[in-house]
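Report on the structure given below.
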Protein chains: 2
Amino acid sequence: MQRDTVQRRAIRKVFKDLGRPLSPLEILQTARAQVPNLGIATVYRSVKGLTDEGWLVPIDVPGEPQRYELSGKDHHHHFSCRQCGRIFDFDGCPKDLAKLVPQGFLMEDHEVFLYGRCADCRKAR
Amino acid sequence: MQRDTVQRRAIRKVFKDLGRPLSPLEILQTARAQVPNLGIATVYRSVKGLTDEGWLVPIDVPGEPQRYELSGKDHHHHFSCRQCGRIFDFDGCPKDLAKLVPQGFLMEDHEVFLYGRCADCRKAR
DNA sequence: GTATTTTCGATATGCATTGTCAATCGGGAG
DNA sequence: CTCCCGATTGACAATGCATATCGAAAATAC
């Protein structure tokens with residue numbers, strides 16, 4: 001069974017604190033504040049475990065490494081800040097997607113990505 | 001200077017014939033109909049050349065290898081068929097994206113991906 | 001307390017992509 | 001048209017990156 005270790009507690013805390021999709025490297029860097037010599041292998045193992053048990057879900061962002069976020073959120077999409085590289089959630093999605101589907105095609109799912117500057121980066125400069 | 005070789009002619013022809021975004025492997029497999037022992041390195045080299053001169057543009061599809069398509073098309077997005085794995089273009093895009101941007105964020109760009117079955121795959125079964 | 005799982009750190013894998021190099025080809029000079 | 005040289009090719013090895021695995025040491029659950 002999955003044990004409750006300081007490393008896994010730290011990783012879970014990182015997700016609950018930041019509340020946005022994180023890459024393995026972001027998880028590592030943030031969790032090291034609590035567990036200084038956390039290994040990247042442990043991050044991958046824990047993420048895999050947490051994904052298998054459904055606590056995390058994988059997120060694919062075009063041209064970026066795999067990220068993960070807490071499962072169970074409402075339907076939403078992602079905003080990528082070109083300056084700081086962070087990914088944020090936003091609620092809602094376009095309502096007129098069905099009109100765009102080509103003749104004869106069947107749409108089962110959709111993804112929307114917005115790119116730009118996040119509030120922090122706009123303020124910073 | 002760039003020479004006009006049978007390999008590059010074949011690769012350009014593949015893009016003009018298929019008219020959809022192609023991965024290096026798709027290019028290789030299709031172009032081998034004309035140039036049987038075309039090498040993958042040549043595909044990468046040619047694609048890089050064609051991209052540098054602006055004839056191709058790179059396309060990132062979440063969770064998939066890089067693809068390329070002819071430049072100069074009108075604004076459009078991509079449909080990914082879950083059955084055959086091919087990527088198709090579709091025109092137009094949602095008009096109500098601006099409403100979705102979080103407070104204080106600046107949207108500079110957007111991407112939309114649709115997933116499902118293409119017309120061929122729906123017919124096939 | 002003891003058996004078992006988990007960790008770390010290094011090393012290994014899988015994959016897409018790039019480099020190497022001898023052999024070949026393209027295309028302008030003659 | 002033919003020659004010639006540098007650009008290009010194809011096979012293969014090498015890289016880069018994300019991810020997985022290994023074994024000894026440490027931590028956890030019962």
Side-chain angles (χ1 to χ4, degrees), chain A residues 1-15 20-69 78 80 85-87, chain B residues 1-15 20-53 55-69 78 80 85-87 113:
Chain A
M1 86 247 55
Q2 280 272 79
R3 284 186 178 171
D4 191 27
T5 65
V6 290
Q7 290 85 349
R8 281 185 203 168
R9 271 194 297 276
I11 290 171
R12 274 197 292 258
K13 182 161 162 39
V14 164
F15 276 100
R20 54 186 183 81
L22 300 171
S23 67
L25 206 61
E26 284 178 315
I27 300 167
L28 179 71
Q29 289 164 348
T30 313
R32 274 188 169 163
Q34 300 165 66
V35 186
N37 49 359
L38 179 64
I40 185 68
T42 300
V43 172
Y44 278 108
R45 264 186 306 251
S46 303
V47 163
K48 187 177 188 317
L50 292 168
T51 302
D52 288 348
E53 54 179 68
W55 199 82
L56 289 178
V57 292
I59 304 293
D60 275 328
V61 182
E64 302 228 6
Q66 181 98 61
R67 285 158 194 270
Y68 299 86
E69 69 178 355
H78 299 103
S80 170
R86 293 183 296 179
I87 307 286
Chain B
M1 84 250 52
Q2 279 273 79
R3 283 188 178 169
D4 190 27
T5 65
V6 290
Q7 291 85 350
R8 282 185 203 168
R9 273 194 296 274
I11 289 171
R12 274 196 292 258
K13 183 163 160 40
V14 164
F15 275 99
R20 53 185 183 83
L22 301 172
S23 67
L25 205 61
E26 283 177 316
I27 300 167
L28 179 72
Q29 289 164 347
T30 312
R32 273 187 171 164
Q34 300 167 67
V35 185
N37 48 0
L38 180 62
I40 186 68
T42 300
V43 173
Y44 278 104
R45 274 185 296 245
S46 304
V47 163
K48 184 174 189 318
L50 292 168
T51 302
D52 288 348
E53 52 179 74
W55 200 81
L56 291 177
V57 292
I59 304 293
D60 274 328
V61 182
E64 302 228 5
Q66 180 99 62
R67 285 159 194 270
Y68 299 85
E69 69 178 356
H78 298 104
S80 170
R86 293 183 295 179
I87 306 287
F113 295 95

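Just so we're clear, the structure is a prediction, and the values are computed from it rather than from any experiment. Labels below follow one simple rule: chain letters A, B, ... track the order of the sequence lines, proteins then strands, and each chain is numbered from 1.
Along DNA chain C, the nucleotide nearest to B/Val6 and the one nearest to A/Leu38 differ in position, and the one closer to the 5' end is contacted by A/Leu38.
An OP1 or OP2 oxygen of C/dC25 is reached within less than 4.0 angstrom by no side-chain nitrogen or oxygen of B/Arg3. Note on A/Tyr44: a side-chain N or O is less than 4.0 Å away from OP1 or OP2 of D/dT19. A close approach under 4.0 Å does not occur between any side-chain nitrogen or oxygen of B/Thr5 and OP1 or OP2 of D/dA7. Contact between the side-chain N/O atoms of B/Arg8 and the OP1/OP2 oxygens of D/dT9 is found at a separation under 4.0 Å. OP1 or OP2 of D/dG10 sits under 4.0 Å from a side-chain N or O of B/Gln7.
For B/Lys48 and D/dT9, the NZ to P distance is 14 Å, given to the nearest whole Å. At whole-Å resolution of the value, CG in A/Asn37 and C1' in C/dT6 are 14 Å apart. Rounded to whole Å, atom C1' of D/dA18 lies 13 Å from atom CD1 of A/Ile27. The nearest whole Å value for the distance from the CD atom in A/Glu64 to the P atom in D/dC17 is 15 Å. We find that CZ of A/Arg67 is positioned 13 Å from C1' of D/dA18, with the value rounded to whole Å. Here the C1' atom of nucleotide D/dC17 and the CG atom of A/Leu25 are 12 Å apart, to the nearest Å. Across the protein-nucleic acid pair, A/Asp4 atom CG and D/dA29 atom P stand 6 Å apart, rounded to whole Å. As a whole-Å value, the separation of B/Arg9 CZ from C/dG26 C1' is 10 Å.
Here the side chain of A/Arg32 pairs a donor or acceptor atom with the backbone of A/Leu38 at under 3.5 angstrom.
Inter-residue side-chain proximity for B/Glu69 and B/His78 is flagged as met; some heavy-atom pair is nearer than 4.5 Å. Contact check for B/Gln34 versus B/Val14: side-chain heavy atoms found under the 4.5 Å cut-off. The side-chain heavy atoms of B/Gln7 and B/Arg45, taken from C-beta on, include no pair separated by under 4.5 Å.
Checking D/dG10, C/dA10, D/dA18 against the side-chain heavy atoms of A/Ala41 singles out C/dA10 as nearest.
The residues A/Asp52 and A/Lys48 are annotated as salt-bridged, a charged nitrogen and a carboxylate oxygen being separated by less than 4.0 angstrom.
Applying the 3.5 Å distance criterion, the base of C/dG19 shares no donor-acceptor pair with the side chain of B/Arg45.
Using a 4.0 Å heavy-atom cutoff across all strands shown, B/Ile40 reaches no nucleic acid atom at all.
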